[in-house]
Amino acid sequence: MHTALVHLDEPPALAAVGIGVHGPAGQVDEFLLPDLWQFHLYGYEADLTVDGTPHLIRPGRVSLVPPGAEVRYRYRGRSEHLYVHLRLSSSGTARSVPVIQDAGPELPLLTAQLRQALAVWPNTAARAAAEVWAALWRVAHLAPPTTRDTQVAHPAVAAAVALIETRLAEPLTVSEIAKAAGVSHNHLTRLFRAALGETVVGYIRARRMERARHFLRATTLTIPAVAASVGIPDLQAFNKACRRELGAAPRSIRAAQTTADNARPAAAQGFGDASGPRATGTGD
């Protein structure tokens, strides 16, 4: 087994967090966890076999083994590693993650997150789960993404997307984005089309409008403040952009959400619904 499909849209349920000590009682361990994932961070050299596939353990490597996989460790002396045994949801997007890989420059942060989880486990289980969840996301992004929802495989595209997200409120040009990503204007354009199926300008426009829709629906920011926060401070241009990209003027988008919010309590309490009362929610 070289890779495992991992679902990380929901937080993990932890069964155990600790430091495993192996070697003194024997050079070989063979076992499986029928219902639990094994998440290990190593500080030693050893050999690992997962469902018959051999892997090398080296300091700074991290492994994520799915439930039911047969593992065989061959140690070379006293060996300690940080471990977490956990359950993961089967819902949401599946991500292909190597069974074992180098943590690389992420090693200090991964170590800190798992040690923090160990420090608060089990007295503050929710905090421990949050630390492990963040660490799992970090591990999932050590290798280039391979799922449909994150197809930013080229480092230049990833750098460009990160820059765009942090500077949506500012003027942006393709040339300066390309320079920051370390590629030419034309090369970034080709990479964007290959990875995301659209131009850099189209991506910026879509992200600005998605953020504008969120602010209009979920906040009480004034419309000029929303416009400025998404990099379109000219209200006439912002109005046109909303009509073109979102299908309605900013005030109409906000009014429609307000109407929906006002209607939600009655529906949530079961009025006009034969199924009886339900718990109310806070909305999106």
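- Checking side-chain atoms of Arg254 against main-chain N and O of Thr219 turns up a donor-acceptor pair under 3.5 Å.
- Using the six-membered ring where Trp is involved, His154 and His187 have ring planes that are perpendicular, over 60° apart on the 30 and 60° scheme.
- Counting heavy atoms from C-beta on, the side chains of Leu136 and His141 never come closer than 4.5 Å.
- For the residue pair Gln101 / Arg61, no side-chain donor-acceptor distance below 3.5 Å is found, with atom types taken as modelled.
- Residues satisfying the ring pair (Phe, Tyr, Trp, His ring centres under 6.0 Å) test with His2, not counting sequence neighbours, are His55.
- With salt bridges taken as basic N to acidic carboxylate O contacts below 4.0 Å, one links Arg211 and Glu165.
- A salt bridge between Glu210 and Arg213 is absent, with no side-chain N of the basic residue lying under 4.0 Å from a carboxylate O of the acidic one.
- By the ring pair (Phe, Tyr, Trp, His ring centres under 6.0 Å) test, Tyr44 pairs with Tyr42, His81, sequence neighbours left out.
- The number of heavy atoms from other shown groups lying within 6.0 Å of CD (Glu70) does not exceed 12.
- Heavy-atom neighbours of Arg58 CZ from other residues, nucleotides or ligands within 6.0 Å: above the threshold of 12.
- Classification of the Tyr203-Phe192 ring pair by plane angle, with boundaries at 30° and 60°, yields perpendicular.
- By the 4.0 Å N-to-carboxylate-O rule, Asp9 lies close enough to Arg95 to be salt-bridged with it.
- By the 4.5 Å heavy-atom criterion applied to side chains, Tyr83 and Leu114 are not counted as neighbours.
- Under a 4.0 Å N-O distance rule, the pair Glu80/Arg78 qualifies as a salt bridge.
- Comment: Arg76 engages Asp47 in a salt bridge, judged by a side-chain N to carboxylate O separation of less than 4.0 angstrom.
- Tyr73 and Leu48 make their closest contact through CZ-CD1, 3.6 Å (heavy atoms, listed as atom of the first residue, atom of the second, distance).
- Judged by distance alone, the side chain of Trp133 and the main-chain N or O of Leu8 form a donor-acceptor pair under 3.5 Å.
- Remark: the backbone N or O of Leu107 is paired with a side-chain donor or acceptor of Thr111 at under 3.5 angstrom.
- Remark: Glu245 engages Arg205 in a salt bridge, criterion side-chain N to carboxylate O under 4.0 Å.
- Here Ile204 contributes atom CD1 and Ile177 contributes atom CD1; the two are 3.5 Å apart, rounded to the nearest 0.5 Å.
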Apply side chain to side chain donor-acceptor pair (under 3.5 Å) to the pair Ser91 and Glu10, showing each step before the final yes or no. CA-CA 8 Å; Ser91 62; Glu10 298 179 12; 3.0 Å; yes

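- In this structure, Val183 is a member of the same hydrophobic cluster as Val174, with clusters built from ILVMFWY side-chain heavy atoms closer than 4.5 Å.
- The backbone N or O of Arg127 sits nowhere less than 3.5 Å from a side-chain atom of Thr124 that would complete a donor-acceptor pair.
- In Gln236, the CD atom is not crowded: 12 or fewer heavy atoms of neighbouring residues, nucleotides or ligands sit closer than 6.0 Å.
- Not a single donor-acceptor pair under 3.5 Å links the side chain of Thr166 to the backbone N or O of Ile164.
- The shortest heavy-atom contact between Pro171 and Glu176 is O-OE2, 3.5 Å.
- Side-chain atoms of Thr49 never come within 3.5 Å of backbone atoms of Gly52 as a donor-acceptor pair (strictly under, hydrogens ignored).
- Summarising the geometry of Ala117 relative to Val132, their closest heavy-atom pair is CB-CG2, 3.8 Å, with the distance given to 0.1 Å.
- When every heavy atom of Ala181 is checked against every heavy atom of Ala160, the shortest pair comes out as CB-N, 4.4 Å.
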